[in-house]
Amino acid sequence: MIEKFILDAVESLGVKVDYAEVEIPKRAGQGDISTPVAMSLSGKLKTQPRKIAEALTLALNSRPEIKTMFEKIEILGPGFINFHLKSSFLYERLNMLYNNREEFLRVELGFGKKVQVEFVSANPTGPLHLGHGRGAALGAALANLLTAAGYAVEKEFYINDAGRQVSLLGKSVFSAYHLLFNSEKYPMPEDGYRGDYVEVIAKDIAETYGDSLLNRDFSEVSTIFTDYSYKKMLKWIEDDLSAFSVTFDRWQSERELFDSGTVRGSIDLLRQQGYIYDEDGAVWFRATAFGDEKDRVIIKSDGSYTYFASDISYHIRKFQRGFDECINIWGADHHGYIPRVKAAIKAAGVDDSRLTVLLVQMVSLLRGGVPVQMSKRAGEFITLSDLMDEIGADTARFIFLTRRPDSQLEFDLDAAKAQSAENPVFYVQYAYARINSIFNKANERGIQTKSMDINLSLLDKPEELQIIKKLILYPLIFENAARAREPHRITFYLQELSGMFHPYYNKYRILSVEGTEETTETLMLTQARLILCESIKTIIEAGLKILGVTAPERM
RNA sequence: GCGCCUGUAGCUCAGUAGGAUAGAGCAAUUGCCUUCUAAGCAAUGGGCCAGGGGUUCGAAUCCCUUCAGGCGCACCA
């Protein structure tokens, strides 16, 4: 809004710019909002920044809206234009937040555009690890964020249930099954899956079938072992995710893509376009035509498909299903895969800017200051489920969302546990619970805030004005987070807001001291402060909901 | 060797499309509970933003380069 005013003012000087920088100054005395446009313009206009700033201020002051919003506009330093908000404007916004929160919280960026967020998509061959947890936290938060910003979002999990990996799981379970009966006829494959869960599945099968499958060849019983195992695994994955408050709208099976002929269809499509050729007994996709560094095999010389074959088809189909934009969340170790997938959709005539791949970097663990070695082969690793048992889902989720996805995350288990009393997530939740508790007290005393004529201008303490400013900033933070696809901005905002509430709570009383005489004056102040608290609660609740962290009524 | 990501306080990390004097939490020290939840508050210390060049009114942020760490470079997924 303010940006538009500035742009208009700039235009009145006869220059056009694409956007005006608007910032929140860090220091007191520099206003509530500021812009450095005068400085960036000085080169173009060949005029001193201060002169430009003066001209802009003049233009701005001539608008009536400016007069109602701002106390004053001043020029400071080399040419910063600083805006000081009128407190009446603050009260007006606060009133809107309190009385019409939907309207206040509404941010319309998506206009119903269809977006798919595909995330986790872990192979159903083992439990979810911490990297998956990070991806899950990000994906779910991003989906919440975009939904709240007006996009039609679908969350999808892609199941790699075809191919070598699930078959290898089946073989590993087959081997474990033999061991249960002290048979060594079927040793564990070289690169097989170890770990307790393989045994657990084997026992399941042994319960159903007894030893009747012992003297069979794997090829005869592969369906039993492979299918049962990965489905069981998938169930566990779903349970873990659900314990982590992560749900999906759709689970897309890779097998289904093969069985329904979708994969074949996509390959035919690309063949017609001339991007498929045969060489050395294999079938290749001409990825180099679209910027990838080499062409890629999609059908191996032994006739089997590569993972990439179904992936091509999967991604092409996403866009055929009508999504305007698709967001994939991948582990950073897959980054080399991006050019070929983008190449595939480009070959199908889809603008590749409609596919966004967000990479989450690796998660490493620290216990007692020492890195925890994780070896999948030896079956030694801390799973997402272990982590939740150890530090709780909320804490895990909050910590994942307190880091930028593209920085490596070092998870110090001792710190996360030892900190548990002073954990950032509790700090925010505590603010929420505290406010709730105030309202319980207020109810006991029969204090109402529903009457319409509450005088918000009683909120005139510096702390109160600061909190109101922070509150009315939320839609902007939210919008920027959605635009940048960075939920972690919400996390930081919530910590800052809570960091304003707790000191305020400590310094001032919301309710008057019990036993003192209640006058009209004290009652009105109490009511005004209750409205402030209610508004803080609303914003914390909205923010935590985006993050997928619970907002406890009591702690 | 090539490509991608990262390097900010003792530790874990923010830093909003280049802006004003660099931010938070943890850890450390000292205070504050007969009053709305002490999972809280107040106060103190802590920095050549990895190094070096450049771009400009202005750089943690953009470009080049060096160093360090991580991850990729299959007819594996």
Side-chain angles (χ1 to χ4, degrees), chain A residues 18-19 21 23-27 30 34-36 39-40 42-43 48-49 76-80 82 123 125 160 163-166 168 191 280-284 293-294 296-302 304 306-308 311 331-339 359 361-362 364 366 369 399 402-412 415-416 418-427 429-431 433-442 445 476-477 480-481 483-484 486 488-489 491-493 495-496 499 501-507 509-516 526 529 533 554-555:
Chain A
D18 296 336
Y19 68 94
E21 301 138 88
E23 339 173 313
I24 312 298
K26 296 185 203 82
R27 245 155 264 285
Q30 295 175 344
S34 80
T35 177
M39 269 120 60
S40 27
S42 84
Q48 287 175 13
L76 249 71
F80 288 99
N82 295 337
N123 274 340
T125 53
N160 292 119
R164 215 180 81 84
Q165 296 305 315
V166 281
L168 188 60
D191 46 357
D280 301 333
V283 179
W284 298 71
E293 54 188 16
K294 54 178 84 163
R296 307 291 176 178
V297 170
I298 53 178
I299 304 177
K300 294 181 260 181
S301 49
D302 67 1
S304 63
T306 62
Y307 175 84
F308 183 49
D311 234 21
D333 52 341
H334 288 74
H335 76 261
Y337 215 78
I338 299 172
L359 297 174
Q361 286 291 335
M362 305 286 112
S364 59
L366 227 58
I399 290 179
T402 324
R403 265 82 162 166
R404 255 170 40 244
D406 53 6
S407 69
Q408 280 146 237
L409 195 163
E410 197 153 82
F411 215 123
D412 189 328
Q419 265 179 34
S420 69
E422 285 153 27
N423 198 296
V425 69
F426 294 127
Y427 188 74
Q429 289 179 322
Y430 188 47
R434 248 183 172 174
I435 292 173
N436 193 58
S437 158
I438 296 171
F439 275 93
N440 289 339
K441 264 285 188 331
R445 290 210 226 158
L476 184 67
I477 299 291
N480 287 340
R483 212 189 285 281
E486 290 181 352
H488 74 269
R489 294 189 193 193
T491 318
F492 281 89
Y493 170 87
Q495 291 186 75
E496 287 161 14
F501 169 73
H502 288 302
Y504 173 63
Y505 174 91
N506 243 266
K507 187 167 173 184
R509 294 208 47 101
I510 313 301
L511 306 175
S512 53
V513 180
E514 210 152 0
T516 57
T526 292
R529 287 185 172 169
C533 287
R554 197 187 310 276
M555 283 175 78

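Quick note on labels: first sequence line is chain A, next is B, and so on, each numbered from 1.
Taking every heavy atom of both residues into account, A:Ile438 and A:Tyr505 meet most closely at CD1-CE1, 3.7 Å.
Base pairing of B:rG19: its partner is B:rC57, meeting the Watson-Crick or G-U wobble criterion (both donor-acceptor distances under 3.5 Å). When Watson-Crick and G-U wobble pairs are counted only if both distances are under 3.5 Å, B:rA9 pairs with no nucleotide at all. B:rA28 is paired with B:rU44 under the Watson-Crick or G-U wobble criterion, all donor-acceptor distances under 3.5 Å.
Closest to the side chain of A:Val297, from the set B:rC36, B:rC75, B:rG72, is B:rC75. Considering only side-chain atoms of A:Asn480, the nucleotide from B:rA77, B:rU16, B:rG40 that sits closest is B:rU16.
Residue A:Phe411 is out of contact with every strand shown, counting any heavy-atom pair closer than 4.0 Å. Across all strands shown, A:Ala332 has heavy atoms under 4.0 Å from sugar-phosphate atoms exclusively, and none from any base. Backbone-only contact: A:Thr402 has heavy atoms under 4.0 Å from sugar-phosphate atoms and none from a base.
Residues meeting the salt bridge (Lys or Arg N to Asp or Glu O under 4.0 Å) test with A:Glu496, sequence neighbours left out: A:Lys470. Applying the side chain to side chain contact (heavy atoms under 4.5 Å, CB included) rule to A:Tyr427 yields the partners A:Ser498, A:His502; only residues at least two apart in sequence or on another chain are considered. Every residue was checked against the salt bridge (Lys or Arg N to Asp or Glu O under 4.0 Å) condition with A:Arg509, not counting sequence neighbours, and none meets it. Every residue two or more places apart in sequence or in another chain that forms a salt bridge (Lys or Arg N to Asp or Glu O under 4.0 Å) with A:Lys507 is listed here: A:Glu463.
Residue-nucleotide stacking is present for A:His334 and B:rA77, judged by a side-chain ring centre under 5.5 Å from the six-membered base ring centre and planes under 30° apart.
Of the charged side-chain nitrogens involved, none lies within less than 4.0 Å of a carboxylate oxygen, so that A:Asp311 and A:Arg296 do not count as a salt-bridged pair.
Remark: A:Arg434 is not in phosphate contact with B:rA39, judged by side-chain N or O atoms under 4.0 Å from OP1 or OP2. Dashed line: the shortest gap from a side-chain N or O of A:Lys300 to OP1 or OP2 of B:rC76 is under 4.0 Å.
For A:Ser301 against B:rC75, a side-chain-to-base donor-acceptor contact under 3.5 Å is present.
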Look for any protein N or O under 3.5 Å of an N or O in nucleotides 4-8 of chain B and output each such pair with its distance, or none.
unit_1, atom_1, unit_2, atom_2, d
B:rC5, O2', A:Gln361, NE2, 3.2
B:rC5, O2', A:Asp406, O, 2.6
B:rU6, OP1, A:Asp406, OD2, 3.4

Any N/O pairs under 3.5 Å between the protein and nucleotides 18-20 of chain B? List them or say none.
unit_1, atom_1, unit_2, atom_2, d
B:rA20, OP2, A:Lys26, NZ, 2.5
B:rA20, O2', A:Gln30, NE2, 3.3
B:rA20, N6, A:Ser34, OG, 3.0
B:rA20, N6, A:Asn82, OD1, 2.8
B:rA20, N1, A:Asn82, OD1, 3.4
B:rA20, N1, A:Asn82, ND2, 3.3

